[in-house]
Amino acid sequence: MEPAVQRLEPQRSRLHAPDPGRRVETRPRYSLAVDEFALKVLAWYRRHGRHDLPWQVPDPYVRWLAEVMLQQTTVTAVIPYFQRFLAAFPSVRALAQASQDEVLAQWAGLGYYARARHLHAAARVITEHYGDGFPRTADAWAALPGVGPSTAAAIVAFAFGVPAPILDANVRRVLSRYHAVSGRDARALRTLWTHARDHTPTHEVAAYTQAIMDLGALVCRKAPDCAACPVAAGCAFEGEDAPTVRRARPERAVFMAVIRDPARGVLLVRRPSHGIWGGLWSLPESVELDDLPAVVAALGVDGRMGMACAPVHHTFTHFRLTITPILVEGVSQAFGVAEHHDVMWYKGDGSGPGMPAPIRRLLNQFLEVP
DNA sequence: GTCCTGATAC
DNA sequence: GTATCAGGAC
């Protein structure tokens, strides 16, 4: 049997989100060994949860990589990238020794490229400060770039069995419904972190962590399947979430130069490391069409602006982008193109460098019919 | 507020 | 085709 008192000391996390000083609960904190909620969720998980995900191994590097890829990204989208990435960089040391270009090339298409840059930077910190080991606490993980409170907790729970509450999107949806916590403000978030910590058991932490995430992903979805839910009996959800307000996305537009050389392919430029598509390879661009000739000339290309092609639309979280490709005509061998580390020719063969998904699609169209 | 993309729904 | 949806860190 479980001990009657599970935690004599609060699992005081120094992650900033949970705040023991601002508790909203009135019931005793440590009255149950494992609360009923956790027991039911665990029982459900054994029969209905996901047990065969490719990162479900007790390896800190694997768990860290998976958790970072799973930030803002669904399981099905992550799986192929995870497998390719792990094959390319099988260890934290291999990752640390790779160039940023190699890392971004493997990440390209998955989005939120700051995750890849942070992962790479953190790999170098880990090999330098931990040798062949890894951080062992959630706080130490959260100190690394790209690892926040929830990711840090998931890593130590999965890799080391350390009891640490998580509050990712799935858990937040489950707990906000179960405990009727509406809103996304700091106060609501603090309340949810408190609930998350109160439900987190000290035993079977890895299983519970996966269980509560699976419950959110498989049952407590936006349109929940309450009939299949193991904790429906105690749940405060009444069939409707609080409405979310979303503001309209502003429109942005750019023109991009498609500079083709029969022998060398299409000219790409490396984007600045911050901002949209940071560090990826893209086409030379300008906001005003009138400015594009100067951008092209600055690269040492002597062509003239030719036909405008069909615009490509791409929607980001906070704005909508229209890309109008402009063919550059009469490129005479492009002898003057400066050969340096921010400019390259791309032939369109195979994988290529790290490019934003819409740029890759756009170029595939151009390179299909030379 | 700033960072993405593929899937699915209209 | 356009809109919505799914996913945390800085």
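To find a chain, count down the sequence lines: A is the first, B the second, and so on, and within it residues start at 1.
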May I have the list of side-chain donor-acceptor pairs in residues 274-281 of chain A shorter than 3.5 Å, sequence neighbours left out?
{"unit_1": "A/Trp281", "atom_1": "NE1", "unit_2": "A/Asp101", "atom_2": "OD1", "d": "3.3"}
{"unit_1": "A/Trp281", "atom_1": "NE1", "unit_2": "A/Asp101", "atom_2": "OD2", "d": "3.4"}

query = Between A/Thr74 and A/His118, which has a closest nucleotide on DNA chain C that is more 5'?
reply =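 Nearest-nucleotide comparison on DNA chain C picks A/Thr74.
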remark   = A correct 5'-to-3' footprint of nucleotides 3-10 of chain B, with B, S and - meaning base, sugar-phosphate only and no protein heavy atom under 4.0 Å, is BBBS----
Can you tell me how far [atom2] of [N] sits from [atom1] of [X], to the nearest Å?
X        : N     : atom1 : atom2 : value
A/Asp241 : C/dT4 : CG    : P     : 17 Å
A/Leu144 : C/dA9 : CG    : P     : 13 Å
A/Leu321 : C/dA3 : CG    : C1'   : 17 Å
A/Arg249 : C/dC5 : CZ    : P     : 10 Å
A/Ile155 : C/dG8 : CD1   : C1'   : 12 Å

Mind checking if [X] touches a base, just sugar-phosphate, or nothing, with heavy atoms under 4.0 Å?
X        : value
A/Leu119 : nothing
A/Val147 : sugar-phosphate
A/Leu70  : sugar-phosphate
A/Arg172 : nothing

For the pair [X] and [Y], name the ring-plane relationship: parallel under 30°, tilted 30 to 60°, perpendicular over 60°.
X       : Y        : answer
A/Trp55 : A/Phe82  : perpendicular
A/Phe85 : A/Trp107 : perpendicular
A/Phe37 : A/Tyr208 : perpendicular

key: ILVMFWY network linking A/Phe160 to A/Val147, side-chain heavy atoms under 4.5 angstrom   =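 As far as the 4.5 Å side-chain criterion goes, A/Val147 and A/Phe160 are connected within one cluster.
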Acceptor/donor pairs from residues 284-294 of chain A side chains to any protein atom, 3.5 angstrom cut, sequence neighbours excluded:
{"unit_1": "A/Glu285", "atom_1": "OE1", "unit_2": "A/Arg271", "atom_2": "NH1", "d": "2.9"}
{"unit_1": "A/Ser286", "atom_1": "OG", "unit_2": "A/Glu288", "atom_2": "O", "d": "2.7"}
{"unit_1": "A/Ser286", "atom_1": "OG", "unit_2": "A/Leu292", "atom_2": "N", "d": "3.4"}

message = Does C/dC10 have its OP1 or OP2 closer than 4.0 Å to a side-chain nitrogen or oxygen of A/Arg115?
response =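 So the side-chain polar atoms of A/Arg115 never come under 4.0 Å of the phosphate oxygens OP1 or OP2 of C/dC10.
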message = Could you tell me if A/Arg252 sits above the aromatic ring of A/Phe319, with its cationic atom closer than 6.0 Å to the ring centre and no more than 45 degrees from the axis?
response =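 Yes, a cation-pi geometry holds between A/Arg252 and A/Phe319.
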